[in-house]
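Remember, predicted model here, so these are calculated numbers, not experimental data. We use all heavy atoms of the structure for the numbers below, so side chains are in, but hydrogens, waters and symmetry mates are not. Order of the sequence lines fixes the chain letters, A, B, ..., with proteins taken first and strands second; residue numbering starts at 1 for each chain.
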Amino acid sequence: MSDAASQPANSPSADRILQAAENLRRNIQGDLHEHVVEALYADAARIADRAVSRPGVAAQPTFDRTLDRILTSRLWGFPIMIALFALMFWITIAGANAPSGWLAWLLVDQGWPMLRHAAEGLGFPWWLSGLLIDGIYLATAWVISVMLPPMAIFFPMFTLLEDFGYLPRVAFNLDKAFKKAGAHGKQAMTTMMGFGCNAAGVVATRIIDSPRERLIAIVTNNFALCNGRWPTQILIASLFLGSLVPAHLAGLISAGAVVCVALLGVFFTFAVAWTLSRTVLKGEVSTFSLELPPYRPPRVLRTLYTSLIDRTIIVLWRAIVFAVPAGAVIWLSANVKIGDLSIAQHLMQSFDPVGVFLGLNGVILLAYIVAIPANEIVIPTILMLTVVATGSAEVGQGAGVMFELDSDASTKALLQTGGWTVLTAVNLMLFSLLHNPCSTTIYTIYKETGSVKWTALATLLPIVLGVVVTFLVATVWRLLQ
Amino acid sequence: MNQPATTAPKETCADCSIYRAARLKKLGVDVDRFDHVVALAGNPNTGKSTVFNALTGLRQHTGNWPGKTVTRAEGAFEYADKRFKIVDLPGTYSLLSTSLDEEIARDYILFGEPDVTVVVADASRLERNLNLVLQVLEITDRAVLCLNLIDEAKRHGLQVDDRQLSRDLGVPVVPTAARSGQGLPELLQAIGDVASGKIACRPHRIQNEPPAIKHALNELVGQLEAAHPGLPNARWVALRLLGGDEHMAEALRKGEFGRSNMTALTSQT
């Protein structure tokens, strides 16, 4: 009860009315709520009956039902779902290559020398143009050219599918699996969003009402391989795994490896959800009624517009905001020297024992720390740091300059100079799946949960899993050798 | 004879949808000043957000799955020289349960005292949607039924008699297909007329409840009206109190019936 001063004068009457309600309730037979709902439903049925008629033969009454029978069938539901998403990823990967190349040409090949030239003309000291142009500008340019095209392709496709009405069917198919893992069926949709962007996936968990199941969905969202991590997967798989088999099988094997990593992520989603719901997040699985809405022809232009504005631009903008300081840090760590070595070299050397122990190396671990703001910059950071570490003078543009090598062959040559093996490649792919979420996602998790504890768990759990898995793989690998 | 282009429109113009549409000015999120408040309620996935976007010019994300609108969205539009604030409530199947989204929608319609509550219903699933419509009509006196997805109903071979429906429900009923903009001028007209009081609603209220409940309601309504003369809907408050709604009992104890109570609710969303 609040203090007396704020009590309005009529509060005695309130008590009297509440008492009266209490007494009257006792006189009512059965459940009041049920009586009211019954009365409501009876009226609704009567009114609807009077208003709705079916004069003609239904135009296409069975189309939706036929489609549903196929898309949610026990036999075809899953294969169709996997094929559809594989197709979407393939279109994203294949379609993003060319525009990414153009953007890189424009921003890096053309823009970067132009800016350097301009800075020289303006008489910038070397450290200023280094920090601004080699560090910040190149990091941002890389993020834009690598991230924008896949997002601009993936998000509209996803939104079209959503507009058409397919997502509730996916949730329907996956409901049982998530339920068995102790999670909410709607998590299927948030996981799907996570394949585009984990931050967006975390926000999407708002559709889950129960706080317990929402936390499970938030913590496990990072196991959905996001857009920023696909380029790493694809590049490393084609460099090191595709080259193990004859050329005509290379594409198939590397694509298969990437899909395996993605499926492993789905496996971890279920495994972690299962564990959480039986330990710290115990509770009943909440039921929900999922209405399968009618299929609607998607409005293509409208969808393109909204998905570009709503998702692509916003997510890209956040990545840029985080890439700017990251670019500065990379450049500074490679150029500020303590003793004979740069900070980056010191760090790499101290990380190296741990890295090698896990079947990785110091460069990769440092790159993952530098690239916390955005997973997209992992590969350029690794290449740049490898140049710093090995002192390969013939490639690259100098310390702390992020670049993209002209051909895959020279990339591989550089990495092999840095002591890379197939084990390093496999474990890098695994670690790319199992490490902390990017800082945007971490911040989003904090905003959505409002809890430092859960944010910490969501951040640290994947790292722990990553360390365990890479260590196991490295151990088994070494035993077999 | 040449008439100047600025002549005031003839009276017959008011019936023409082109004339009505021309009087709509979409104001986006500019909700600072307004003459009327419009609440947008309805079942999930009936196109509330599409109606919201069409009226405000905003591009709130729409998607073909239930439960998409997770936060309350606000926007504004101007129609016939009046400024309207429009609030997109979360989609719910009912207003009677204790879940958060239903509580938000229910309390906004009662305590927020919107000048008009537009209930968006799926014409192809009328009976299921009417359950919510009737619940809204239990709460508020000023409502408009937006009979959306009328094109889809037609595609399924259904014909909905909107005039019969309007007579039964006691509020204006406007068939629309918001995705293509069909019927929106008429919807605006109805919203404007209900807001200005030009159309007086006589909303349908449940008739066939058991006598014991009817008696209890009358008893409580009498007491409530004596204690709170300005109460927006004593019958609904009585029904909730009778059902043991703690939230409502708390509001009664504190005497917080009215817009002041909304601040607490807004922070929940």
Side-chain angles (χ1 to χ4, degrees), chain A residues 2 6-8 10-11 13-18 20-21 24-25 27-29 32-33 35-37 39-45 47-61 159 162-165 167-168 171 186 189 206-207 209 289-291 293-294 296 299 305-306 309-310, chain B residues 44-45 59 61-68 70-71 93 96 99-101 124 126-128 130-131 133-135 152 154-162 164-165 168-169 179 204 206-210 212-213 215-216 219-220 223-224 226-228 238-239 241-244 249 252-255:
Chain A
S2 49
S6 67
Q7 286 288 310
N10 55 12
S11 67
S13 77
D15 286 338
R16 207 181 57 234
I17 293 171
L18 288 174
L24 288 165
R25 192 179 316 143
N27 294 337
I28 295 167
Q29 303 278 313
L32 172 87
H33 184 79
H35 286 311
V36 172
V37 169
L40 272 170
Y41 278 36
D43 277 9
I47 295 173
D49 250 12
R50 281 153 63 114
V52 183
S53 54
R54 295 177 168 272
V57 182
Q60 283 180 298
T159 318
E162 182 184 350
D163 211 26
F164 174 60
L167 291 197
K186 283 187 195 166
M189 295 197 214
R206 290 181 187 175
I207 60 170
D209 296 323
S289 59
L290 180 72
E291 189 180 357
R296 292 180 185 140
R299 291 157 303 166
Y305 180 86
T306 37
I309 297 302
D310 271 12
Chain B
N45 213 43
R59 314 237 179 228
H61 178 67
T62 57
N64 188 8
W65 47 285
K68 179 201 53 59
V70 282
T71 44
Y93 293 102
L96 300 171
S99 80
L100 181 63
D101 48 351
S124 60
L126 189 61
E127 185 181 331
R128 194 193 304 171
L130 276 184
N131 293 325
V133 174
L134 291 179
Q135 289 172 38
E152 216 161 78
K154 253 177 216 146
R155 191 162 64 83
H156 287 278
L158 296 173
Q159 218 169 57
V160 183
D161 185 348
D162 54 289
Q164 174 66 38
L165 201 56
D168 278 343
L169 295 175
R179 274 159 63 100
H204 171 279
I206 322 171
Q207 312 286 322
N208 49 355
E209 67 265 71
I213 296 181
H215 164 74
E219 182 77 32
L220 273 184
Q223 294 199 26
L224 277 167
H228 301 267
L239 189 63
L241 289 176
L242 207 53
L252 177 71
R253 278 192 208 103
K254 293 191 177 153

Inset, instruction - Output the distance between atom CD1 (A:Ile17) and atom CG (B:Leu241), rounded to the nearest 0.5 Å. - result: 7.5 Å

Legend entry - Spacing of B:Gln164 atom CD and A:Asp49 atom CG [to the nearest 0.5 Å]: 11.0 Å

Please identify, among [options], the residue contributing the most non-hydrogen atom pairs under 4.5 Å to chain A.
options                                : result
B:Leu165, B:Asp168, B:Leu239, B:Asp161 : B:Asp168
B:Val133, B:Leu130, B:Asn131           : B:Asn131
B:Leu126, B:Val160, B:Leu134           : B:Leu134
B:Ala216, B:Ala212, B:Ala249           : B:Ala216
B:Arg179, B:Arg128, B:Glu127, B:Glu219 : B:Arg179

Inset, instruction - Check for a donor-acceptor pair, side chain of A:Asp163 on one end and backbone N or O of A:Arg299 on the other, with a separation under 3.5 Å. - result: yes

For [X] and [Y], which heavy atoms make the closest approach, and how far apart are they?
X        : Y        : value
A:Arg25  : B:Leu242 : NE-O, 2.6 Å
A:Ala20  : B:Leu220 : CB-CD2, 4.1 Å
B:Ala238 : B:Leu224 : N-CD1, 3.7 Å

Inset, instruction - Side chain from CB out, backbone as N, CA, C, O: work out which of these in B:Glu152 comes under 4.5 Å of a heavy atom of chain A, or both, or neither. - result: side chain

Inset, instruction - Examine whether an atom of B:Leu169 lies under 4.5 Å from a heavy atom of chain A, and if so say whether it belongs to the side chain, the backbone or both; otherwise answer neither. - result: side chain

Inset, instruction - Could you tell me which of A:Ala39, A:Ala48, A:Ser53 has the largest number of non-hydrogen atom pairs under 4.5 Å with chain B? - result: A:Ser53

